[in-house]
Amino acid sequence: MIHTIPAFDRLGEENAFAVLARATALAEKGRDIVNLGIGQPDFRTPAHIVEAAIKALRDGHHGYTPATGLLATREAVARRTLTTTGIEVSPDNVMILPGGKPTMFAAILMFGEPGTDILYPDPGFPIYRSMIEFTGARPVPVPIREENGFAFSAEETLALITPATRLLILNSPANPTGGVTPRAEIEKLVKGLEKHPHVAILSDEIYDVMTYDGAAHTSLLQFPAIRDRLIVLNGWSKTWAMTGWRMGWSIWPNGEKGAHLYDKVRKLAVNCWSCVNAPSQYAGIAAIDGPQDEVTVMMKAFDRRRRLVVEGLNTLPGISCITPKGAFYAFPNISGTGWAAKKLASALLEQAGVALIGGPDFGVLGEGYMRLSYANSEENILRALERIGDFLAANAKRQQDTK
């Protein structure tokens with residue numbers, strides 16, 4: 001028999017894709033399924049971005065590109081970073097990758113090994129913990145609490161750091177909770193991190209433009225004290241509805257103290273994905289430099305849907321939902337229903353035709369919650385809320401009748 005290394009048995013999954021597969025299978029059998037599970041904008045990629053890729057193909061951009069990305073693409077990211085954060089970064093710090101996950105993969109692989117700790121948000125994006133466990137490092141959850149508006153606590157985070165801590169992963173605006181951590185809390189965290197110079201930071205800022213109600217995204221790039229050990233993850237998928245294009249970027253230390261990080265991720269690219277295809281990079285440049293009208297339209301739609309979702313969820317028996325400040329997710333508390341979260345998610349899909357994700361799929365602290373993506377139409381959201389309400393009411397009646 002052949003044997004793979006134990007690390008592969010520790011790899012987890014992103015259950016949103018498993019739910020999507022099951023929802024698709026049910027739909028193929030004729031079931032009417034409303035999918036509020038997958039974190040994907042329901043908008044088309046803006047036409048000028050698509051045309052830029054087509055033009056690139058017609059112009060003959062069919063070959064390899066540099067492992068770090070085309071210089072023009074990296075320059076576009078640098079321009080966009082200056083516009084959104086006020087911070088000037090060199091294109092020599094920018095890495096173009098096939099999506100957001102390769103940055104997680106690279107950063108966690110750099111710092112994770114047996115005997116080390118990596119801190120990550122919980123509830124949080126499931127690939128954080130999956131990759132930490134793959135490396136053999138100890139995953140240390142940073143609690144993301146409803147009573148804190150689903151923002152991380154600087155005090156609680158700093159208290160978890162030990163001499164074994166190698167990497168701290170942060171995410172704001174956050175998946176799956178929609179939380180946005182206030183600048184004052186981030187400032188407090190950065191001040192505390194000055195006492196722990198051995199800890200690198202990965203800041204996942206993929207939802208940076210997706211904030212509401214006056215909440216502002218604070219990029220960790222704005223804090224010089226940690227720049228020499230900071231990795232910032234971002235990309236095109238959410239902002240420009242480009243999930244399938246597999247286009248991400250990250251900003252790495254590349255100065256005297258951090259030059260080895262950028263060079264290590266470059267080498268990893270050479271060994272793994274080689275490069276990002278040229279047409280997608282030209283599309284990425286058009287996304288950044290072109291008109292942003294459709295981004296504005298999309299964000300206004302998400303804001304309307306967000307309010308609709310929160311209002312509707314709070315009318316359902318046993319469910320309460322605080323208003324998310326960012327991304328396109330709500331994270332309702334379903335503990336009052338009496339259901340375990342994953343069992344309820346499964347029942348809603350199989351019996352009510354609504355795809356949601358159970359909170360435990362986002363971490364050990366996710367029990368009692370479910371993730372609902374409002375990156376779907378208002379019509380579908382209303383249909384889903386009605387079905388959830390009908391299901392809960394019918395279930396309560398069945399329980400009453402059996403007493």
Side-chain angles (χ1 to χ4, degrees), residues 36 38-55 72-73 75-87 89 99-100 171-183 203-219 221-222 232-249 251 280-312 323-330 372-382:
L36 303 184
I38 197 72
Q40 174 169 256
D42 62 326
F43 291 83
R44 295 170 66 93
T45 303
H48 71 278
I49 299 174
V50 176
E51 289 303 318
I54 294 171
K55 183 177 186 303
T73 315
E75 288 175 337
V77 169
R79 289 193 297 273
R80 196 258 186 185
T81 302
L82 179 60
T83 299
T84 57
T85 70
I87 301 301
V89 299
N171 177 215
S172 175
N175 175 12
T177 63
V180 177
T181 301
R183 185 178 185 89
S203 181
D204 183 347
E205 303 183 10
I206 194 76
Y207 297 98
D208 62 348
V209 303
M210 296 185 172
T211 59
Y212 314 94
D213 296 339
H217 166 65
T218 301
S219 174
L221 285 168
Q222 295 170 335
V232 173
L233 182 159
N234 212 319
W236 283 265
S237 293
K238 314 301 183 181
T239 303
W240 293 281
M242 294 176 67
T243 53
W245 294 75
R246 307 318 303 140
M247 280 286 288
W249 76 74
I251 299 169
S280 289
Q281 292 195 59
Y282 282 99
I285 296 168
I288 288 173
D289 290 343
Q292 304 299 307
D293 304 17
E294 292 185 59
V295 176
T296 302
V297 168
M298 183 172 68
M299 285 305 303
K300 287 181 178 177
F302 286 158
D303 192 14
R304 291 192 303 271
R305 297 171 185 181
R306 177 183 68 109
R307 297 173 188 276
L308 191 67
V309 161
V310 172
E311 181 181 351
T323 303
K325 298 288 188 180
F328 42 60
Y329 307 108
L372 183 156
S373 168
Y374 48 87
N376 206 322
S377 69
E378 292 182 31
E379 177 187 359
N380 282 337
I381 288 169
L382 288 171

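If you run side chain to side chain donor-acceptor pair (under 3.5 Å) between D289 and each of H48, R79, R80, only R79 comes through.
Between atom OG1 of residue T81 and atom CD1 of residue I87 there is a gap of 10.0 Å, rounded to the nearest 0.5 Å. Between the CD1 atom of I251 and the OG atom of S219 there is a distance of 7.0 Å, given to the nearest 0.5 Å. Here the OG1 atom belonging to T73 is positioned 7.5 Å from the OH atom belonging to Y282, to the nearest 0.5 angstrom. I49 CD1 to R44 CZ: the interatomic distance, rounded to the nearest 0.5 Å, is 12.5 Å. The structure places CD of Q281 at 7.5 Å from CH2 of W236, a figure rounded to the nearest 0.5 Å.
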>> Let's go through T181 and T218 carefully: what are the C-alpha distance in whole Å and the side-chain angles of both, what is the deciding distance for side chain to side chain contact (heavy atoms under 4.5 Å, CB included) to 0.1 Å, and is it a yes or a no?
In response: CA-CA 8 Å; T181 301; T218 301; over 6 Å; no
>> Using the rule given for side chain to side chain contact (heavy atoms under 4.5 Å, CB included), can you reason through R246 versus S237, listing the C-alpha separation, both sets of side-chain angles and the distance that settles it, and then say yes or no?
In response: CA-CA 7 Å; R246 307 318 303 140; S237 293; 3.7 Å; yes
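Without hydrogens or angle criteria, Q222 side chain to T85 main chain gives a donor-acceptor distance under 3.5 Å. With N171 contributing its side chain and D204 its backbone, the two residues share a donor-acceptor pair below 3.5 Å.
Of all the heavy atoms in A216 and V180, the pair that sits closest is O-CG1, 3.8 Å. Nearest heavy-atom pair across Q40 and T243 is OE1-OG1, 2.6 Å. Counting all heavy atoms, side chain and backbone alike, A76 lies closest to I288 at O-CG2, 3.5 Å. Here the closest heavy-atom approach between residue P41 and residue A375 is recorded as CA-CB, 3.9 Å. Residues A327 and Y374 share a closest heavy-atom pair of O-OH, 3.3 Å. Here the closest heavy-atom approach between residue A47 and residue E294 is recorded as N-OE2, 4.1 Å.
Residues P324 and R306 meet the side-chain proximity criterion, which asks for heavy atoms closer than 4.5 Å. Side-chain contact between P173 and H217 is present, with at least one heavy-atom pair separated by less than 4.5 Å. Looking at S373 and I38, their side chains never come closer than 4.5 Å, going by heavy atoms from C-beta outward. W240 places a side-chain heavy atom less than 4.5 Å from the side chain of V295. The shortest side-chain heavy-atom distance between R305 and D42 falls under the 4.5 Å cut-off. The closest side-chain heavy-atom distance from K238 to M298 is not below 4.5 Å. Under the 4.5 Å side-chain criterion, counting only non-hydrogen atoms from C-beta, R307 is in contact with D213. You'll find the side chain of D208 reaches within 4.5 Å of the side chain of T239, heavy atoms only.
No more than 12 heavy atoms of other residues, nucleotides or ligands shown are found within 6.0 angstrom of CD on E311.
Between the side chains of E379 and S377, not a single donor N or O lies within less than 3.5 Å of an accepting N or O.
For W245, there are no ring-ring contact (aromatic ring centres under 6.0 Å, His included) partners, not counting sequence neighbours. Applying the ring-ring contact (aromatic ring centres under 6.0 Å, His included) rule to Y212 yields no partners; only residues at least two apart in sequence or on another chain are considered. Listed by chain and residue number, F328, Y329 satisfy the ring-ring contact (aromatic ring centres under 6.0 Å, His included) test with Y207 (two or more places apart in sequence, or in another chain).
With respect to the salt-bridge test (charged N to carboxylate O, under 4.0 angstrom), the residues K300 and D303 do not qualify.
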